[in-house]
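First comes the structure, then the notes that go with it.
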2 protein chains.
Amino acid sequence: MLSLTEENYLKAIYHLSEGGAKSVLTNDLAEAMCTKAASTTDMIKKLSAKALISYEKYYGVNVSAKGKQAALLIIRKHRLWETFLVQKLNFTWDEVHEVAEQLEHIHSVHLIDKLEEFLGFPTVDPHGDAIPDRKGNIKLLPQVGADQLKVGYQGTIIAVKDSDSNLLKYLDKIGAKPGKKLKVLAREEYDESMEIMIDDNKVFLSKDVSKNILVTA
Amino acid sequence: MLSLTEENYLKAIYHLSEGGAKSVLTNDLAEAMCTKAASTTDMIKKLSAKALISYEKYYGVNVSAKGKQAALLIIRKHRLWETFLVQKLNFTWDEVHEVAEQLEHIHSVHLIDKLEEFLGFPTVDPHGDAIPDRKGNIKLLPQVGADQLKVGYQGTIIAVKDSDSNLLKYLDKIGAKPGKKLKVLAREEYDESMEIMIDDNKVFLSKDVSKNILVTA
DNA sequence: ATATAATTTTAGATTGGCCTAAAAATTATT
DNA sequence: AATAATTTTTAGGCCAATCTAAAATTATAT
């Protein structure tokens with residue numbers, strides 16, 4: 001059984017590695033966890049001893065198959081709880097993250113299976129992110145950050161990154177929700193800002209915003 | 001903000017003190033928490049420093065008004081989550097306790113208020129225990145353990161103590177649920193066992209069982 | 001009333017998760 | 001290739017929550 005802290009580190013490693021694709025450096029992980037590098041090294045050793053990650057001194061960590069599954073089961077819980085909070089308790093989009101961060105650590109497979117059933121087996125959470133199944137399998141749609149798009153591109157928003165509640169409020173205001181169509185009207189190479197059409201409204205996006213909007217590739 | 005452990009100790013003190021009525025001894029608290037007396041003394045000092053309990057060396061602890069309110073807000077969460085698990089996720093009576101023990105420590109007033117609303121402002125949980133309101137007020141009905149009843153007594157089950165899942169399974173089997181009528185047919189003074197009528201069935205109860213059934217006084 | 005038993009507290013150690021400061025290894029620069 | 005800068009690890013310490021063993025206090029029994 002993983003401790004709450006171990007779960008949080010593992011989840012962060014999974015996300016920083018982009019689903020296991022890349023190695024994660026100690027300092028990047030420390031920054032994500034809001035801890036110092038020394039603490040992070042300690043935890044890396046612990047997760048490594050539990051075979052959830054592989055670790056080569058000074059060269060960062062990679063999630064193992066076992067670690068990936070464990071991470072996906074935590075993410076499954078997080079996303080099912082977010083769905084519950086929005087659909088059943090009428091939380092707004094930007095309120096859910098913090099509470100779901102706590103709820104995801106409740107240890108009961110039975111609870112999560114029942115919750116999934118109660119919600120009608122949703123496949124994506126309110127941010128548009130896919131919900132892993134009870135074995136930890138996830139369907140990853142090919143997606144790309146809106147900041148990568150060329151002028152003239154038309155596509156559908158799949159998901160938005162949910163790290164910051166202020167960003168979510170802003171995205172909500174401009175109507176950038178999963179499922180919405182988006183068209184790139186113009187793009188300024190200098191600062192990588194762009195203008196898009198969404199709901200027949202012209203919206204200006206800085207790169208800081210556009211990189212958090214994931215669209216069909 | 002109380003730590004998870006502090007919350008658990010405080011709740012145990014509240015229950016052992018029967019709602020603040022009695023003093024709680026170190027050893028009894030240690031037993032309830034499955035820790036050693038020495039650890040319990042440490043925690044008593046901590047809760048005392050936070051003015052949640054008053055403590056006189058060697059003579060046990062009493063919950064303060066502040067501690068009582070804090071305990072009742074934890075109990076509120078526990079009972080609302082139990083209600084959710086049974087009513088919405090179709091947990092059986094005996095499955096809920098362990099999961100609710102974890103859910104009760106999620107810190108979000110907003111979450112609990114929304115949950116309460118979603119459940120339709122229930123006044124009692126699935127065991128029949130009253131649910132404190134958002135200020136920590138609770139309506140205590142006069143109630144008595146079934147083991148105290150005399151032959152011929154007729155009354156209604158208010159609640160059952162929910163500590164042990166095997167007990168709950170047994171109570172479920174004999175139909176001893178909150179709201180059910182109960183009549184005492186016979187009582188054996190030697191071992192304080194009794195025979196009762198419930199749902200037109202005669203049931204024999206040892207004292208170990210009957211003391212966990214709370215009925216109208 | 002005093003000895004014995006039981007309970008409670010104190011003292012000192014351990015583990016998990018965190019820190020700072022210093023050392024070691026890697027990467028970048030000239 | 002040597003030195004400087006950066007990153008990472010190690011060493012040693014702190015706090016919360018736990019433990020065991022010993023000391024202190026209260027309760028019981030003769």
Side-chain angles (χ1 to χ4, degrees), chain A residues 1-17 22-64 67 70-71 74 98 101-102 104-107, chain B residues 1-17 22-63 67 70-71 74 101-102 104-107:
Chain A
M1 181 83 86
L2 297 183
S3 74
L4 190 146
T5 310
E6 288 169 334
E7 287 196 348
N8 281 330
Y9 271 92
L10 181 61
K11 193 171 59 124
I13 293 168
Y14 177 84
H15 281 133
L16 289 173
S17 74
K22 306 193 332 188
S23 291
V24 176
L25 301 177
T26 302
N27 263 3
D28 294 343
L29 181 54
E31 193 192 5
M33 293 303 297
C34 300
T35 57
K36 301 293 164 161
S39 313
T40 301
T41 301
D42 286 348
M43 183 54 79
I44 284 173
K45 285 180 187 162
K46 238 197 312 178
L47 294 177
S48 187
K50 293 191 178 187
L52 296 161
I53 59 179
S54 63
Y55 167 48
E56 204 183 337
K57 259 190 186 179
Y58 294 101
Y59 292 92
V61 301
N62 288 89
V63 294
S64 68
I74 301 166
E98 192 190 344
E101 284 289 310
Q102 295 178 60
E104 75 188 6
H105 300 293
I106 304 289
H107 291 295
Chain B
M1 182 83 85
L2 297 183
S3 74
L4 190 145
T5 310
E6 288 169 333
E7 287 196 348
N8 281 330
Y9 272 92
L10 181 60
K11 193 171 59 123
I13 293 168
Y14 178 83
H15 281 132
L16 289 172
S17 73
K22 307 193 332 188
S23 290
V24 176
L25 299 178
T26 302
N27 263 4
D28 293 344
L29 181 55
E31 193 192 5
M33 293 303 297
C34 301
T35 57
K36 302 292 166 164
S39 315
T40 301
T41 301
D42 287 347
M43 182 55 79
I44 283 173
K45 286 180 188 163
K46 234 194 319 177
L47 294 177
S48 188
K50 293 191 178 187
L52 296 161
I53 58 178
S54 63
Y55 167 49
E56 205 183 337
K57 259 192 186 178
Y58 294 102
Y59 290 92
V61 301
N62 287 90
V63 293
I74 301 165
E101 284 288 309
Q102 295 178 60
E104 75 189 5
H105 300 293
I106 304 288
H107 291 295

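All heavy atoms count here, side chains included; hydrogens, waters and symmetry mates do not. All chains are named by letter (A, B, ...) in the order of the sequence lines, taking the proteins before the strands, and each is independently numbered beginning at 1.
At D:dT8, one or more side-chain N or O atoms of A:Asn27 fall inside 4.0 Å of OP1 or OP2 (strictly under the cut-off). Between B:Tyr58 and C:dA6, a side-chain N or O to OP1/OP2 separation shorter than 4.0 Å is absent. For A:Tyr9, no side-chain nitrogen or oxygen approaches OP1 or OP2 of C:dG16 to under 4.0 Å. Within the 4.0 Å cut-off from OP1 or OP2 of D:dT10, at least one side-chain nitrogen or oxygen of A:Lys45 is found. Put simply, B:Lys57 has a side-chain N or O that comes within less than 4.0 Å of OP1 or OP2 on C:dT10. Regarding contacts with the backbone of C:dC18, every side-chain N or O of A:Ser39 stays at 4.0 angstrom or more from both OP1 and OP2.
What separates CE of A:Met33 from P of C:dC19 is a distance of 10 Å, to the nearest Å. For the pair B:Glu31 CD and C:dA6 P, the interatomic distance rounds to 16 Å; values are reported in whole Å. Residue A:Glu7 contributes atom CD, which lies 16 Å from atom P of C:dG16 at whole-angstrom precision. Rounded to whole Å, atom C1' of C:dT7 lies 14 Å from atom NZ of B:Lys36. At whole-Å resolution of the value, CG in B:Leu29 and P in C:dT7 are 15 Å apart. Between A:Met43 atom CE and C:dC19 atom P there is a gap of 11 Å when expressed in whole angstrom units. What separates CG of A:Leu4 from C1' of C:dG16 is a distance of 13 Å, to the nearest Å. One atom, CG of B:Leu47, and another, P of D:dA16, lie 13 Å apart when rounded to the nearest Å.
Using a 4.0 Å heavy-atom criterion, one finds that B:Thr35 contacts the sugar-phosphate atoms exclusively. Using a 4.0 Å heavy-atom distance criterion, A:Thr26 is classed as a sugar-phosphate-only contact. When heavy atoms are screened at a 4.0 angstrom cut-off, B:Ser3 is found touching the sugar-phosphate backbone but no base atom. Across all strands, B:Thr5 comes closer than 4.0 Å only to sugar-phosphate atoms, never to a base (heavy-atom distances).
Using a distance-only test at 3.5 Å, with no hydrogens or angles considered, no donor-acceptor pair links the side chain of B:Ser17 to the main chain of B:Ser23. A donor-acceptor distance shorter than 3.5 angstrom exists from the side chain of A:Ser64 to the backbone of A:Ala51, with no hydrogens or angles considered.
In this structure, B:Glu6 and B:Leu52 have side chains that are not in contact, with every pair of non-hydrogen atoms separated by 4.5 Å or more.
Rounding to the nearest 0.5 angstrom, the gap separating the OG1 atom in B:Thr41 from the CE atom in B:Met43 is 11.5 Å.
Judged purely by distance below 3.5 Å, without hydrogens or angles, the side chains of A:Thr40 and A:Thr35 pair a donor atom with an acceptor atom.
The residue among B:Tyr59 and A:Tyr59 whose nearest nucleotide of DNA chain C lies closer to the 5′ end is B:Tyr59.
Set against C:dA11, C:dT8, C:dC18, the side chain of A:Asp42 has C:dC18 as its closest nucleotide.
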